[in-house]
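What follows is a set of notes on a single structure, which appears directly below.
These numbers come from the heavy atoms of this one structure, side chains and all, not from hydrogens, waters or symmetry mates. All of these numbers come straight from a predicted model, not from anything done at the bench. Order of the sequence lines fixes the chain letters, A, B, ..., with proteins taken first and strands second; residue numbering starts at 1 for each chain.
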Amino acid sequence: MLSIIVFSALAIIAVASGIAVFRVDSMARATYALAVSFVAVGVMLVMFDLDYIGVITILMMVMEMAIMAIYMIMFMGMNPALMPMSMVHNNRWSAILATGIFLLLAAGALLVPWPARSGTAAPDLTVAVGEALMGSKMLVMLTVSPILFATIVAALVLANPRGRYDRWGDNLKRVCPDDPQQGGLGK
Amino acid sequence: MTLQLVLVVAAALFCVGLYGALSQQVVVMVMMGLELMLNGVILAVAAFWWFLAPNPDGMLLLLVVIAAMTVEMAMGFAIATLLHRSKETDMTDMAADLSG
Amino acid sequence: MTGAVMNPAWALLAPVVLGVLALAGAALNGVFVARAEGRPALSGAARPVLEVMRLMRQRRRVTVAADRLLWRIGGMALLVIALLKTAVIPLGPWILADISVGIVWFNAMDVMVWAGMWLIGWGANSAHALAGGYRFLAQAVSYELPLMFALVTPAVAAHSLRVSEVVDAQQDLWFVVWMPVAFLVFCGSVLAFSAWGPFATAAGADIAGGILTEVSGVDRLLIMAGRYALLATGAAFAVALFLGGGSGPLLPDWLWTIVKTLVLLAGFIAVSRRLSAIRPDRLAEVAWIVVLPLALLQTLVVSIIVAVRG
Amino acid sequence: MGAGMDMHADMDAHMDMDMDMPMPGGIPLASGGPDRDGLEMDVLHVALGPVLPHWPAGLVVRCALKGDVIVHAEVEILPAAPGTALDNPARVGRLPSADDDRRRTVIHHSDAAVQLLALVGWWSAAGRARRIRDEVASGTALAEVAPRLERLAKDVKRSRLLGWGLKGIAADTGPGVQRAGNGDAATARTRLLHWLNEAGRIARDTADSYEPLDFADRQRESLGAIPSLVNGTDVASARLIIASLAIDTSALTTSGEARS
């Protein structure tokens with residue numbers, strides 16, 4: 001019983017703050033509303049005994065939203081005061097489509113005869129996921145890690161306007177890189 | 001707490017995100033919509049895992065979704081910065097001009 | 001041994017212990033300041049209490065078009081985060097919530113500090129405060145990854161993310177002995193996420209006080225208390241991860257934990273005053289190119305030792 | 001709001017609406033402009049001073065900021081109230097003597113060191129410099145503080161962390177100004193060392209071998225150099241640069257005129 005009350009409260013928080021993301025007038029508030037939504041979902045995962053994945057979700061998403069806020073403000077340039085903002089297109093059709101899909105999914109969730117639970121959870125799920133990741137399902141890890149690495153490289157290449165020739169000179173012979181803001185290394 | 005209840009909540013999160021991703025003009029706001037959709041997906045996968053088949057393999061799917069999320073964010077930020085730099089725009093509609 | 005089941009009522013004691021530790025840290029800092037200014041040390045030790053009374057009475061300063069909601073949330077965040085951290089920190093044989101992912105919990109909480117610090121800077125709607133908030137984020141992306149690997153290293157050695165098992169794994173040998181790099185990185189990160197000493201640039205004098213520029217009264221009190229509390233929880237967690245928790249001769253476990261925590265806290269405060277600030281723009285390159293590989297190397301060495309010993 | 005075709009017209013309508021929007025808190029929206037990293041950034045106008053901790057009193061630097069990078073700066077000195085002369089033993093009712101002049105120089109130098117050390121967040125060193133300054137101002141014999149000044153200078157010189165933090169903070173106001181001695185361009189760090197060494201030397205030597213402070217000219221030169229020095233730096237570096245110029249506004253507004 002208690003778990004249903006807690007879950008419902010978390011569900012309301014998650015959905016309400018999700019809606020708030022597109023309703024509030026300040027980018028900082030929008031970003032941190034999304035963070036609240038993620039934290040609520042993270043706590044729900046912990047309720048499913050997914051301690052590790054739940055806490056990791058909270059950790060990653062708060063971090064991501066802290067960075068996201070920078071981009072929101074950088075690219076949408078408004079002050080913290082609550083400036084009304086309306087930056088939408090296709091508003092009506094988006095709403096209709098989203099509602100329709102929601103009805104469809106909800107109907108599916110309620111009407112499909114879900115099978116009974118099969119198998120039992122391992123006593124220590126964190127150990128179990130670690131062993132799966134490093135054992136039978138290592139291929140997943142082997143695929144994900146190069147993708148993540150490629151993402152780091154690709155994102156840097158896309159976003160960084162200055163190559164090493166800009167920094168170190170045409171012959172790469174500068175002692176100290178020519179940066180607008182000096183870093184900690186170099187002479 | 002039943003599977004149906006959790007799935008309805010997940011669907012609600014997914015569709016709020018969908019609305020945002022479709023209706024917003026600014027790239028970062030579209031990304032927020034996508035994030036919210038993936039948030040719903042995470043919750044749904046966790047519910048399936050817990051109520052249908054709680055074995056370790058299912059958790060890997062969650063990890064993969066979370067990894068996909070980080071990839072999406074990193075590339076989104078990079079592309080938003082690139083767009084901003086090259087066209088001084090952050091609107092999705094204007095990004096279409098790049099193809100021309 | 002550690003990890004004994006506790007009555008949840010003891011949770012009420014945790015804030016008291018944390019408050020006493022934070023106050024001890026503040027008093028010690030007061031003594032250092034007093035000595036530097038040539039005043040008697042005792043007046044410095046009394047300073048935090050007077051400061052608390054002063055700030056409780058002070059009226060809040062109001063800035064134009066401040067985002068009050070987010071500002072208040074940020075102001076409270078640091079103290080709340082420190083309290084949430086105490087849940088997984090063992091005090092001798094007791095631990096409030098010995099969850100299976102205690103170390104990840106601690107890490108998740110110090111990521112929350114990112115949000116708290118930035119919101120304090122953002123809410124005030126003032127240029128210096130905002131610069132402080134951004135500075136903290138710039139510093140955070142530098143320290144967070146080395147910190148994560150510093151946290152992972154003891155977990156690898158103990159085969160567990162559960163804090164009590166990490167403590168138990170140090171019965172024979174404290175982890176600080178064979179993972180000194182991880183210990184140092186962790187201590188540096190504690191200073192960094194408390195915005196303290198050389199890492200206090202978010203509240204630095206060169207941006208007129210940064211995030212603290214516009215806060216006054218109760219808000220300021222909460223933020224200052226939160227920073228001391230974060231410093232104290234950081235020290236206590238370092239004791240659990242690297243300094244053998246409550247192990248020691250003669251005294252009971254819980255007393256050893258407190259003694260070690262106080263010594264480490266005193267160390268943090270004493271060292272901080274002697275170092276000049278490290279600006280985030282200078283820190284970033286060093287953190288990513290020097291410190292992160294060192295921390296990774298430390299994790300690798302520990303992993304190999306653990307694998308060889310079986 | 002139609003489908004995707006008339007989006008640009010739609011957007012323009014939004015832009016127009018922006019203009020008529022109420023200004024929150026009476027603050028108009030910032031206007032944009034390209035910045036040094038090739039991103040368009042809002043321009044923010046911020047005045048540094050006239051009152052800030054560790055800042056020359058009465059100095060106002062009006063900056064245009066992109067992010068926290070200064071893209072334009074103007075300098076102004078607010079007219080000071082008649083000097084109170086509390087900090088200046090040479091003016092406290094007695095006739096000025098050579099010792100007072102010497103004392104004044106030591107105070108000026110150590111005061112400048114206090115400001116810079118406090119700004120870089122090295123509180124213990126700043127505290128030591130401040131105590132020396134206060135003792136000299138309250139009449140302690142100069143020979144007594146000399147060894148402490150020299151020790152402080154040695155510690156500052158040895159600190160690698162400080163050297164690293166102040167690396168690349170330029171403070172060269174032009175030819176012939178307070179060179180470090182070895183011909184390098186003046187930086188914040190060389191200036192700091194210069195003050196401490198000079199103060200130590202002046203306090204120790206009783207012979208009249210020190211360079212007297214010729215405030216007004218040098219100060220005016222420093223003041224004129226501020227806009228070009230701080231252009232393109234972030235606010236924090238700008239604070240360090242201005243502190244390393246050791247601007248004494250009282251010399252500029254009162255005694256400056258009298259001396260020149």
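Ranked by heavy-atom pairs under 4.5 Å with chain A, the first of M31(B), M69(B), M59(B) is M59(B). With respect to chain B, the highest number of heavy-atom pairs below 4.5 Å among I4(A), V157(A), L34(A) belongs to L34(A). For the options D49(A), T57(A), V6(A), T99(A), heavy-atom pairs under 4.5 Å to chain B are most numerous at D49(A). For the options A98(A), A150(A), G100(A), heavy-atom pairs under 4.5 Å to chain B are most numerous at A98(A). In terms of heavy-atom pairs under 4.5 Å with chain B, the best-connected choice from L45(A), L105(A), I53(A), I96(A) is I53(A). Note on L50(A), V15(A), V112(A): by heavy-atom pairs under 4.5 Å with chain B, the leading option is L50(A). The residue among L5(B), L18(B), T70(B), V71(B) with the most heavy atom pairs within less than 4.5 Å of chain A is V71(B).
Both the backbone and the side chain of L52(B) come within less than 4.5 Å of a heavy atom in chain A. Residue contact with chain B, scored on non-hydrogen atoms closer than 4.5 Å, involves the backbone and the side chain of I101(A) alike. With a 4.5 angstrom heavy-atom cutoff, L110(A) touches chain B via backbone and side-chain atoms both. At a 4.5 Å heavy-atom cutoff, the contact between I19(A) and chain B is made by backbone and side-chain atoms alike. The contact between F7(A) and chain B is made entirely by side chain atoms (from C-beta outward), counting heavy-atom distances below 4.5 Å.
L7(B) has its side chain out of reach of T2(B): every pair of non-hydrogen atoms, C-beta onward, lies at least 4.5 Å apart.
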For residues 140-149 of chain A, run the donor-acceptor check on the side chains, cut-off 3.5 Å, and write out each pair with its distance to 0.1 Å, sequence neighbours left out.
unit_1, atom_1, unit_2, atom_2, d
T143(A), OG1, L139(A), O, 2.5
S145(A), OG, M141(A), O, 2.6

Name each donor-acceptor pair under 3.5 Å that joins a side chain in residues 126-137 of chain A to protein atoms two or more places apart or in another chain, with its distance.
unit_1, atom_1, unit_2, atom_2, d
K137(A), NZ, D57(B), OD2, 3.3

